[in-house]
Amino acid sequence: MYAQTKITGAVRDTVGNPIKDVIVRLYTESDTSISITNALGIYRLPAGRSTQVRLSYNMLGYLSEQMSYQLDNNDVVLPDVILKKVAYQIQDVPVTRVVPMVVNGDTIQYNLEAFTFHKQTLLEDGLKKIPGFQISRDGSVYYNGYNIKKVKVNNTEFFGGDIITATKNLPVEYINNIQLIELTNKNDGAETGILDLQEKEKLLNINLKEDRKILHFGQLTFGGGTNQRYLGSFGINRFNDGNELSLLGSFNNTNTNLFSYGDIAGGRRSSSSVLEVGEFIDPEDGINTTSSLGFNLARKVGKQSRFNSSYSFINKQTDISGFSGMRSTYIGNVITKDEDYIEQHEDNLHRLRLFFDGKFENKDVLKIDGNVTYNIRSIFINKESVLSNSNLINMGTNKDSANQVIPIADIEVLYSKYFKKKDRKLVAQASAKTNNLKNREFVDEIYSVYSKFDPEYTDELNHQFIDQHNRNHANNISVSYVEPFFSHSVFEFRYEHDYNFIDAQRYVYNWMNGTTTYIIDSLTVDYGYRFNSNKIGILYQFIPNKKVKFNIGFAVQPIAMEGKVLNDTLSYNYDNINLVPTSNFNYKLSNNVDFQISYRGRNNQPSFLQIVPVVNNTNSRNVVIGNPELKAEFGHGLVTTLRAYIPVKMQYFETSFAYNYVKDKIVTDKKPVENTTIQQTTFRNAQGYYDYKFNYIFNTPFVTDNWMMELAGGLDYYNNLSFIEDRERKTKQYVFNQSLQLKYSLNNYIESVFNANYSRNKASYDIPFRTTINVETLFMGLGARGYVKDNFSLGFEMSQRYNEGYINKFMNVNQTMMNAFMEYTFLHNRTAMLRLQAYDLFDQNTQMGIYSEYIGNDVFEERKNRLGRYFMLSLNIRLQK
């Protein structure tokens with residue numbers, strides 16, 4: 001009697017195809033309800049107990065319809081409704097808000113018109129206002145913890161992929177949107193085989209506005225300050241929808257990066273910890289004096305190909321001073337070492353890159369990437385050391401100077417064959433790299449050795465001249481064929497070959513009074529080493545729908561290592577067969593929520609230092625001997641990731657868990673030399689190493705869009721192994737960190753940020769008794785910038801750091817930092833800026849390069865110098881067309 005009638009129907013177009021997302025409204029005498037048609041055009045509505053109903057059908061691009069029906073008390077299937085297509089002319093409407101964030105698969109897009117920027121803002125400062133982005137003091141760009149190393153403009157590589165060139169030169173007003181694209185297999189094309197979820201990078205793609213695709217821009221900067229600080233740079237750039245020309249140069253002694261593709265590390269940067277991102281201090285140790293020059297030329301070849309060439313030269317001089325304390329605990333003996341040192345490094349690095357990205361008329365793809373670097377390096381190190389054990393003291397000086405020549409050449413070629421059949425692929429890749437090192441090194445050691453109970457001392461001398469020449473060649477060839485299997489799956493068949501060859505010659509001479517006297521046979525080595533690996537595998541991928549992606553694979557990897565000393569009949573060989581399973585599972589819980597889990601195995605060969613079977617006593621208090629019988633490591637890695645987006649609210653959440661287990665882990669094997677302060681280190685394989693890492697990040701607007709909040713944190717655990725006096729030892733280490741960042745901006749008037757970071761490092765080990773180290777660090781910082789009128793701004797940055805729990809007292813120091821600046825812009829369109837800045841007003845950063853390591857039986861802590869207080873006046877002129 002009280003049953004409700006249910007209505008079902010379908011909506012189709014004039015040719016009978018179902019129409020999805022039609023809004024169907026039902027009107028009764030007492031109520032109104034709504035439904036939306038599914039992919040089959042079907043809708044369902046409750047009609048209550050009404051017998052007379054009216055339905056309306058609305059869909060953009062179709063003529064609306066209205067229908068009335070007389071119902072009984074039974075469920076009703078209504079006749080199909082046919083909608084006719086129609087064109088509408090919509091009146092102009094004001095857009096009150098642009099959608100700030102759009103998520104499409106592995107691409108996150110931010111529309112810059114949704115944000116408010118001050119006039120003439122460069123991309124570097126603009127990114128700081130977008131949720132998830134962090135810009136460190138050296139110019140590195142991070143997004144939710146990922147270091148962004150590659151950049152494109154309009155999907156074309158921009159100035160060799162140098163992200164600093166883009167962020168420091170492109171005005172926000174030129175940019176329509178920016179996209180963060182997740183790359184897998186470290187390749188941004190679709191020409192490779194089945195993707196590996198554990199090999200990920202982030203690419204920043206900048207889409208310019210339609211009227212800004214041809215750019216001429218440049219800048220000139222020079223400045224001087226107290227403590228003999230100076231800064232200068234220039235840049236001339238032209239970008240024309242893929243055709244590029246640029247000339248860049250800089251010189252400074254303020255540890256500043258103005259472009260990165262000419263850096264010593266080839267443009268790569270190590271990832272920064274949670275504590276470093278967002279701080280206001282210079283993150284580099286030492287004082288760097290840098291002069292650099294580079295050019296980049298790119299031209300389109302035909303319709304779909306592009307050739308890029310770049311050359312850079314950098315001269316970098318680094319002066320580092322510091323002091324350290326180390327405690328090595330043995331059964332019945334503790335060796336301590338306190339050390340003061342200075343280091344001077346100079347690099348003269350040349351780098352040439354040639355890159356071709358071609359797509360032929362038959363849609364085949366060819367990529368060739370070649371690099372040549374030539375580095376002339378000089379190193380000088382002077383250490384003043386005091387070592388002691390229970391009753392013996394060594395006081396000495398170690399001077400080590402070296403001149404090195406390091407040429408490196410590498411080339412990588414990829415060819416992908418196009419097939420008309422969907423998902424069929426044939427990809428071949430080949431790479432070759434040669435790395436040479438010529439090293440001429442002089443070591444001068446003098447130690448005074450005496451007992452606490454006997455003041456008389458003896459001198460121990462070590463004077464060596466080392467003539468070293470290493471040649472390292474590595475080749476890799478891989479072929480992958482992907483074939484569709486039924487309608488939702490594919491198979492990949494893959495073969496990969498690795499070959500590594502090392503030829504090392506190290507001749508050690510006794511050196512006294514500037515001349516060499518005789519060769520020391522026991523320290524001299526002529527060693528040849530080969531590593532061969534062949535991997536044959538098959539991978540199956542199943543994609544039943546848009547929500548699920550699953551693959552599983554298996555590979556067989558025979559490996560062979562061989563080492564031989566010249567004029568020695570003994571050969572060191574190791575052969576093994578690794579079984580390498582892999583698996584990836586990706587599930588989209590919704591359009592904006594996805595879950596990934598993946599497993600893979602990988603092989604790691606030992607380094608040359610770990611296998612060369614000759615004594616190295618360059619540091620006579622720490623003798624190192626390689627072990628040529630080392631096995632290669634094999635690691636098992638499991639990674640899970642959960643990501644969620646709410647684009648309209650600009651909210652992002654990601655959490656991940658990673659577990660890593662290593663078979664035949666290569667670890668140190670240490671023992672003391674009896675009745676001395678000398679330690680001897682070699683290497684061996686151990687079982688039982690593992691680590692796990694959990695982290696999360698969440699950013700969201702806070703209260704209003706003027707406030708942005710970011711929470712991030714993580715917990716890492718390491719079960720480290722080592723051998724001490726032939727006994728296996730474990731070091732259990734927990735690293736916990738938590739950070740909070742709040743950003744506030746008020747239109748064009750105020751920009752501010754507050755950071756709070758807490759870190760705890762807890763390590764426990766059992767040598768010879770259980771010991772626990774608990775280091776805590778707390779950082780709080782506040783920075784703000786205010787704009788007065790349109791051409792004057794001022795700001796400050798202030799932070800406080802607390803350190804507690806270090807073993808050495810010199811590490812438990814607190815630091816107060818304050819920076820301040822004033823900027824005045826002038827000339828037409830405010831293209832000139834005069835800046836007065838004060839860095840480290842309290843002069844407390846000069847010895848804050850803190851580093852610690854706790855593993856095995858060693859507790860090592862050190863402090864290095866960093867950039868201290870200075871005042872600088874600089875002028876920057878930007879030219880844009």
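Quantities reported herein were computed from a predicted structural model and do not represent experimental measurements. Index from 1, following the sequence.
The aromatic rings of F634 and H636 stand perpendicular to each other, their planes meeting at an angle above 60°, with 30° marking the opposite boundary.
In this structure N288 satisfies the side chain to side chain contact (heavy atoms under 4.5 Å, CB included) test together with N255, E284, T290, K316, T318, sequence neighbours excluded. Not a single salt bridge (Lys or Arg N to Asp or Glu O under 4.0 Å) links D340 to another residue, sequence neighbours left out. S478 is linked by a side chain to side chain contact (heavy atoms under 4.5 Å, CB included) to Q429, N476, R494, E496, counting only residues two or more places apart in sequence or in another chain. Taking E346 as the reference, N315 meet the side chain to side chain donor-acceptor pair (under 3.5 Å) condition, with sequence neighbours excluded. Partners of N462 according to the side chain to side chain donor-acceptor pair (under 3.5 Å) rule, which considers only residues two or more places apart in sequence or in another chain, are E445, Q464. Evaluation of the side chain to side chain contact (heavy atoms under 4.5 Å, CB included) rule for N719 yields Y690, Y717, L721, K730, K732 as partners, not counting sequence neighbours. K383 is linked by a salt bridge (Lys or Arg N to Asp or Glu O under 4.0 Å) to nothing, counting only residues two or more places apart in sequence or in another chain. In terms of the ring pair (Phe, Tyr, Trp, His ring centres under 6.0 Å) criterion, residue partners of H350 (sequence neighbours excluded) are, by chain and number, F313. With sequence neighbours excluded, no residue forms a side chain to side chain donor-acceptor pair (under 3.5 Å) with N436. For the side chain to side chain donor-acceptor pair (under 3.5 Å) test, residues two or more places apart in sequence or in another chain that qualify with Y341 are E862. With sequence neighbours left out, the salt bridge (Lys or Arg N to Asp or Glu O under 4.0 Å) criterion links R621 to E460. Under the salt bridge (Lys or Arg N to Asp or Glu O under 4.0 Å) criterion, D858 pairs with K670, not counting sequence neighbours.
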side-chain hydrogen bond (donor to acceptor under 3.5 Å, both in side chains) between N578 and N576, worked out: CA-CA 6 Å; N578 290 323; N576 191 29; 3.3 Å; yes
Could you walk me through whether D716 and K693 satisfy the salt bridge (charged side-chain N to carboxylate O under 4.0 Å, His left out) test, starting with their C-alpha distance in whole Å, then the side-chain angles of each, then the deciding distance to 0.1 Å, before giving a yes or no? CA-CA 4 Å; D716 299 345; K693 300 177 181 180; 5.2 Å; no
Is there a salt bridge (charged side-chain N to carboxylate O under 4.0 Å, His left out) between K417 and D364 once you walk through the steps? CA-CA 5 Å; K417 177 64 181 174; D364 288 1; 3.3 Å; yes
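When atom types are taken as modelled, the side chain of S620 and the backbone of N617 share no donor-acceptor pair closer than 3.5 angstrom. In this structure, E633 contributes its side chain and I666 its backbone to a donor-acceptor pair below 3.5 Å. For the pair T434 (side chain) and H473 (backbone), a donor-acceptor distance under 3.5 Å is absent. In this structure, the side chain of N865 engages the main chain of S321 through a donor-acceptor pair within 3.5 Å. Using a distance-only test at 3.5 Å, with no hydrogens or angles considered, a donor-acceptor pair links the side chain of N627 to the main chain of F683. Using modelled atom types, one side-chain atom of N616 and one backbone atom of T618 make a donor-acceptor pair closer than 3.5 Å.
With salt bridges taken as basic N to acidic carboxylate O contacts below 4.0 Å, none links D357 and R306. Between R377 and D347 there is a salt bridge, since at least one side-chain N of the basic residue sits less than 4.0 Å from a carboxylate O of the acidic one.
Under the ring-ring contact (aromatic ring centres under 6.0 Å, His included) rule, F442 has a single partner from W511, Y509, F380, which is W511. For the side chain to side chain contact (heavy atoms under 4.5 Å, CB included) test with N371, the passing option among R353, E412, K433 is R353; the others fail.
Side chains of T668 and S722: a donor-acceptor N/O pair is absent below 3.5 angstrom, by distance only. N394 and T677 share a side-chain donor-acceptor pair at under 3.5 Å.
Between Y374 and V405 the shortest side-chain heavy-atom distance falls below 4.5 Å. Put simply, the side chain of I163 reaches to within 4.5 Å of the side chain of I148, judged on heavy atoms. At least one side-chain heavy atom of Y529 sits under 4.5 Å from a side-chain heavy atom of M561.
Nearest heavy atoms, A560 versus D575: CB-OD1, 3.2 Å. Pairing each heavy atom of P606 with each of K631, the nearest pair is CD-O, 4.3 Å.
Rounding to the nearest 0.5 Å gives a distance of 13.0 Å between CG of D319 and CG of D285.
Side-chain rings of F465 and H463 stay apart, their centers remaining 6.0 Å or farther from each other.
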